[in-house]
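Scroll down for the structure; my scribbles are underneath it.
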Amino acid sequence: MRPGLQWEGEAEDAAAAAAAAAELRELKAHQTGEAITVGNEFSEIRVSRVETRNGARLLVESPKSGQWVALCPLEVESLTWQTADTFSAMIGHPFGPLFEEET
């Protein structure tokens, strides 16, 4: 254990980050075509198609935050079912769920 500040759950956070990084490397290893970068004064994202054993996914990455998500075609289509209010609510609560999970 290294000296200095520690926090409860630090080891779990580090393990989750390492697993996410490994998953992202695996997805990028199966990228098809070139990534597309889209941005404005508020944000920049990179989008690419990746092949998984469950079919094609759209990999959406935020280079600034390091956040990413791989969406199946149905998840991408579901974006078209939303209203502007849904996106406003998502933007109003970044890095968290839109709905609280039941415990």
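Positions are given from 1, in the same order as the sequence printed here.
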Test item: [X] side-chain N/O and [Y] main-chain N/O as donor-acceptor pair under 3.5 Å:
| X | Y | value |
| --- | --- | --- |
| E12 | A14 | no |
| E75 | C72 | yes |
| T86 | Q82 | no |
| Q31 | L27 | no |

Check: V60 and W68 side chains under 4.5 Å, non-hydrogen atoms
no
Close side-chain approach of V69 to L58, heavy-atom, < 4.5 Å:
no
A quick test of your reading: do over 12 heavy atoms of other residues, nucleotides or ligands sit less than 6.0 Å from CD of E101?
no
Decide side-chain contact (heavy atoms from CB on, under 4.5 Å) for T37 and E44; before the verdict, give the C-alpha distance in whole Å, the side-chain angles of both, and the deciding distance to 0.1 Å.
CA-CA 7 Å; T37 300; E44 179 179 285; 3.6 Å; yes
Give the cluster check for V76 versus L74: same hydrophobic cluster or not, with ILVMFWY residues linked at side-chain heavy-atom distances below 4.5 Å.
no
Give the cluster check for I91 versus L79: same hydrophobic cluster or not, with ILVMFWY residues linked at side-chain heavy-atom distances below 4.5 Å.
no
Rounded to the nearest 0.5 Å, how far apart are OG of S62 and CZ of F95?
7.0 Å
E10 CD to L5 CG distance, which is reported to the nearest 0.5 Å
9.0 Å
side-chain contact (heavy atoms from CB on, under 4.5 Å) between L59 and L71: does it pass, once the steps are laid out?
CA-CA 6 Å; L59 177 61; L71 303 171; over 6 Å; no
Closest approach of E77 and T80, non-hydrogen atoms and distance?
O-OG1, 2.6 Å
Ion pair present between E51 and R49, side-chain N to carboxylate O less than 4.0 angstrom?
yes
Run the salt-bridge test on E61 and K28 with the 4.0 Å N-O cut-off and return the result as yes or no.
yes
